[in-house]
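So the structure is just underneath, and the comments pick up after that.
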Amino acid sequence: MDVSPILDPLNDAQRAAVTAPLAPVLVLAGAGSGKTRVLTHRIAWLIQAERASPHSILAVTFTNKAAGEMRARIERLLGVPAASLWIGTFHGLAHRLLRLHWREARLAQSFQIMDSEDQQRFIKKLVRTSELDETRWVPREVQWFINTNKDAARRPQQLKDGNDPARRQLIALYRSYEEACARAGLVDFAELLLRAFELWRDNPELLAHYRRRLRHVLADEFQDTNAIQYAWLKLLAGADGAPFVVGDDDQAIYAFRGACAENLQQFRRDYGQALLFRLEQNYRSTATILEAANGLIAHNAGRLGKRLWTQGARGAPLRLYAAYNERDEAEFVTHRIREHLAHGGLRREVAILYRSNAQSRVFEETFLSARVPYRVYGGLRFFERAEIKDALAYLRLIANRRDDAAFERVVNLPPRGVGAKSLEALRERARSAGGTLWEAAAAPGDDLAPKAAAAIGGFMALIERVAQATGALPLHEQVDAVLKSSGLIEHFRREKVERGEARVENLEELVSAARGFAPEDAELPPLEAFLAHAALEAGEGQADAWEDCVQMMTLHSAKGLEFPLVFLCGLEEGLFPHQRSSGDLESLEEERRLCYVGMTRAMRDLYLTYAEQRRLHGVDSYGQASRFLKEIPPELVEEVRPRVQVSRPLAAGRFRAEEPAPPGVRLGARVRHGKFGEGVILNVEGNGAQARVQVSFERQGTKWLMVQYANLEPLT
DNA sequence: CGTGGGCGGATTTTT
DNA sequence: TCCGCCCACG
């Protein structure tokens with residue numbers, strides 16, 4: 001078997017990792033060092049050189065995008081479909097397991113997945129039916145309590161209230177939430193993982209079967225795993241298994257959602273004989289950018305240790321711009337983007353990265369008036385839109401009448417005369433009977449107004465009718481039938497013009513999505529597969545992703561991406577590092593890693609900007625430059641100061657004018673040069689005959705000139 | 001049952 | 001400043 005296509009494109013470190021013996025392996029893979037390449041080539045190597053069956057491979061990632069990319073690359077590498085490999089997200093694989101073994105997992109066969117929003121609504125309802133004060137038992141916080149415990153594999157029975165009444169109440173809510181989920185046949189994201197873990201833990205024979213079968217376990221972005229994910233992997237691999245995990249402690253930026261980067265160290269303890277590989281050669285950025293990023297991240301303590309390097313060019317220095325305010329910041333960026341475009345650059349090569357979403361607004365406004373097409377990442381995705389979730393709720397009920405969350409969502413949508421009173425009566429019935437809302441609605445009783453009872457009856461008949469009539473039809477016809485007979489389309493069409501229009505379009509798009517849907521596993525009825533798909537893969541944020549646009553996103557969503565030209569904006573104390581993360585060392589270090597992630601996105605040019613004054617939540621405030629700026633080796637940074645007004649220098653000793661300055665040559669002054677045109681003085685060094693100035697010319701870029709020969713003409 | 005105004009809160013996010 | 005949520009009113 002010819003393995004050269006697998007090994008030839010690799011450097012020595014990558015090849016060592018890919019061809020490592022069948023033992024536990026930890027690959028510390030720096031940004032841009034070919035992490036995905038190592039994973040995919042390792043899989044190909046296992047199959048071709050180690051003669052592993054494709055059925056014996058399980059590779060897990062965090063996002064559907066990463067999973068899809070990995071699958072595609074393996075297929076390209078092997079030249080065959082990789083359908084038989086278990087490649088997916090933790091949640092996707094857990095879901096697959098639970099569908100296969102719903103009985104052993106003690107789940108309803110037709111269980112449905114709730115996304116976080118569904119979960120929050122569900123908890124809110126629960127808090128209300130429990131007659132608790134919503135301001136004291138904030139649904140969001142209850143949700144957090146439940147999810148963190150699930151992520152740590154803790155069920156309510158294992159929790160101690162510690163004689164704290166508040167905690168006791170939370171535990172009680174957790175317990176009743178579990179009961180409500182079980183009744184309704186609902187499973188939230190954390191539950192998928194925990195349930196899959198318990199499935200193996202509590203069924204030794206099943207576990208033994210999977211251990212025999214899935215001999216090769218691989219994990220991507222290992223620093224992002226939480227406790228339950230690692231526990232699940234460990235359970236599968238077993239103490240003498242050979243898991244292959246890839247991660248980068250310097251890119252751990254998800255502690256706030258439960259990720260436990262210490263799992264990297266824990267892995268080395270759990271697998272004492274684990275082989276360690278470091279990928280430090282970077283193929284993305286210039287040496288200058290890497291040195292700057294290395295310099296920054298060196299300020300973090302307790303790293304596993306890694307230093308990126310490149311064989312590539314040194315490249316341009318980082319550019320730092322101290323803006324007067326956030327508008328000035330946006331205008332500066334716009335100006336530089338214009339230059340980039342004028343030199344033949346593409347818009348999609350440019351990324352604007354910021355700490356928080358709110359920062360996008362000023363850029364958007366500026367780009368709008370400057371007519372620069374842009375795309376903002378984040379925001380609601382297709383399957384998260386309200387109208388889509390409404391339609392899905394109908395489909396969920398058709399698939400599973402017990403789905404209380406779906407029932408509540410649409411029993412009165414479009415309005416059919418089922419008010420809060422009637423719903424409350426139904427909930428009461430369900431509660432006293434220990435059943436579902438659907439069962440409660442079907443039961444006889446005189447606690448409902450006749451009109452409401454008739455409306456509910458009509459609603460149920462509608463669901464039954466559509467379920468009967470379309471059960472055998474193709475999925476998209478089923479969806480279409482639901483939209484039409486439910487009256488949802490009509491309802492949104494009557495809504496205030498613009499928004500309603502978009503919603504109707506989205507609903508129509510849902511039919512297309514259903515038409516184009518190809519279920520991965522044929523075991524599941526198409527409708528249920530589609531619903532699971534909608535919950536597990538929320539879809540793209542914007543349809544026209546491939547128009548040539550400037551890319552705007554938070555630092556978090558930039559992870560894994562790369563751009564020739566990057567603007568890292570809003571580098572101010574309080575904003576980045578964020579106020580709420582600058583208190584303790586742990587979170588400050590996470591912020592620093594976030595900055596590191598941002599910097600290492602840049603391939604060729606990296607701009608850093610901050611605003612001396614920023615309007616935030618309606619109030620203007622004066623900020624200090626971010627401490628991260630001072631942690632980047634100053635000799636790699638060049639300050640851009642096109643403004644006449646010059647403010648305090650960033651770091652003592654840098655950008656400092658020596659006095660006495662030659663006449664007319666002042667920091668920040670505008671000057672004209674016979675050959676280079678107009679520019680601004682950025683830096684002055686030396687004096688008298690030795691004086692040199694650094695001038696940023698509008699056309700020619702930045703140049704150092706001897707004042708003596710430059711013949712600079714001062715402009716007002 | 002829909003809407004408008006008052007109120008509070010305002011990192012980061014994938015599944 | 002702005003957005004989302006809740007409640008009261010028509």
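The structure presented is a predicted model; accordingly, all values stated were derived computationally and were not measured. In the text below, chain A, chain B and the rest are named by the order of the sequence lines, each starting its count at 1. What you see below is based on every heavy atom in this structure, not just the backbone, and it leaves out hydrogens, waters and symmetry mates.
- With rounding to whole Å, Arg140(A) atom CZ is found 11 Å from dT13(B) atom C1'.
- Contacts of Asn357(A) with the nucleic acid, taken as non-hydrogen atoms under 4.0 Å apart, involve only primed sugar atoms and P, OP1 or OP2.
- Protein atom CZ of Arg580(A) is 11 Å distant from nucleotide atom P of dG9(B), rounded to whole Å.
- To the nearest angstrom, C1' of dG2(B) lies 13 Å from CG of Leu413(A).
- When the P atom of dT12(B) is taken as reference, atom CG of Leu588(A) falls 18 Å away, rounded to whole Å.
- For Leu536(A), whose side chain is taken as the heavy atoms from C-beta onward, the closest listed nucleotide among dC6(C), dG2(B), dT15(B) is dT15(B).
- Rounded to a whole Å, the CD atom of Glu117(A) is 15 Å from the C1' atom of dT14(B).
- Here, dC5(C) and dT12(B) have their P atoms 15 Å apart, quoted to the whole Å.
- The aromatic ring centres of His101(A) and Tyr210(A) sit less than 6.0 Å apart.
- Here Phe62(A) lies in heavy-atom contact (under 4.0 Å) with sugar-phosphate atoms only.
- The shortest distance between the side-chain N/O atoms of Asn64(A) and the OP1/OP2 oxygens of dT14(B) is not below 4.0 Å.
- Looking at heavy-atom distances under 4.0 Å, Val597(A) makes no contact with the nucleic acid at all.
- Among the heavy atoms of the strands, none lies under 4.0 Å from Asp115(A).
- Evaluated for a side chain to side chain contact (heavy atoms under 4.5 Å, CB included) with Tyr596(A), the options Asn300(A), Leu555(A), Ile297(A) yield exactly one hit, Ile297(A).
- The side chain of Arg355(A) lies closest to dT12(B) when the candidates are dA10(B), dT12(B), dT14(B).
- Using a 4.0 Å heavy-atom criterion, one finds that Tyr254(A) contacts the sugar-phosphate atoms exclusively.
- Out of dT15(B), dT13(B), dG2(B), the shortest distance to the side chain of Thr63(A) is found at dT15(B).
- In summary, the aromatic rings of His556(A) and Phe256(A) are positioned with their centroids under 6.0 Å apart.
- Between Pro415(A) and Glu537(A), it is Pro415(A) whose nearest contact on DNA chain B lies nearer the 5' terminus.
- Considering only side-chain N and O atoms, Arg361(A) lies under 4.0 angstrom from the phosphate OP1 or OP2 of dC2(C).
- With no hydrogens or angles considered, no side-chain donor-acceptor pair links Asp403(A) and Gln112(A) at under 3.5 Å.
- By the neighbour-count criterion of 12 heavy atoms within 6.0 Å, atom CD of Gln579(A) is sparsely surrounded, having that number or fewer from other residues, nucleotides or ligands.
- Of the listed nucleotides (dT15(B), dA10(B), dT12(B)), dT12(B) has the atom at the smallest distance from the side chain of Thr554(A).
- Picking from dT12(B), dT15(B), dA10(B) the nucleotide with the shortest atom distance to the side chain of His91(A) gives dT15(B).
- The side chain of Asn412(A) has dC1(B) as its nearest neighbour among dC1(B), dT14(B), dG2(B).
- Spacing between atom CD of Gln359(A) and atom P of dT12(B) amounts to 9 Å, rounded to whole angstrom units.
- If you check every strand for non-hydrogen atoms under 4.0 Å, Asp188(A) touches nothing.
- If you check distances only, the side chain of Ser116(A) does reach the base of dT15(B) with a donor-acceptor pair under 3.5 Å.
- Nucleotide dT14(B) holds its P atom 20 Å from the CH2 atom of Trp144(A), rounded to whole Å.
- Using a 4.0 Å heavy-atom cutoff across all strands shown, Ser557(A) reaches sugar-phosphate atoms only and no base atom.
- Relative orientation of the Phe267(A) and Tyr230(A) rings is tilted, given thresholds of 30° and 60° on the angle between their planes.
- The interatomic distance linking His95(A) (NE2) with dT15(B) (P) rounds to 15 Å, in whole Å.
- Between Arg416(A) and His578(A), the residue anchored closer to the 5' end of DNA chain B is Arg416(A), taking for each the nucleotide with the nearest heavy atom.
- Residue contacts shown for Lys124(A) are limited to sugar-phosphate atoms, with no base heavy atom under 4.0 Å away.
- Among the atoms of the strands shown, none is found under 4.0 Å from any heavy atom of Gln579(A).
- Candidate nucleotides dC6(C), dT1(C), dT13(B) were compared by shortest atom distance to the side chain of His556(A), and dT13(B) ranks first.
- Between dG4(C) and dT13(B), the distance separating the two P atoms is 16 Å to the nearest Å.
- In this structure, Phe628(A) has its ring center no closer than 6.0 Å to that of His299(A).
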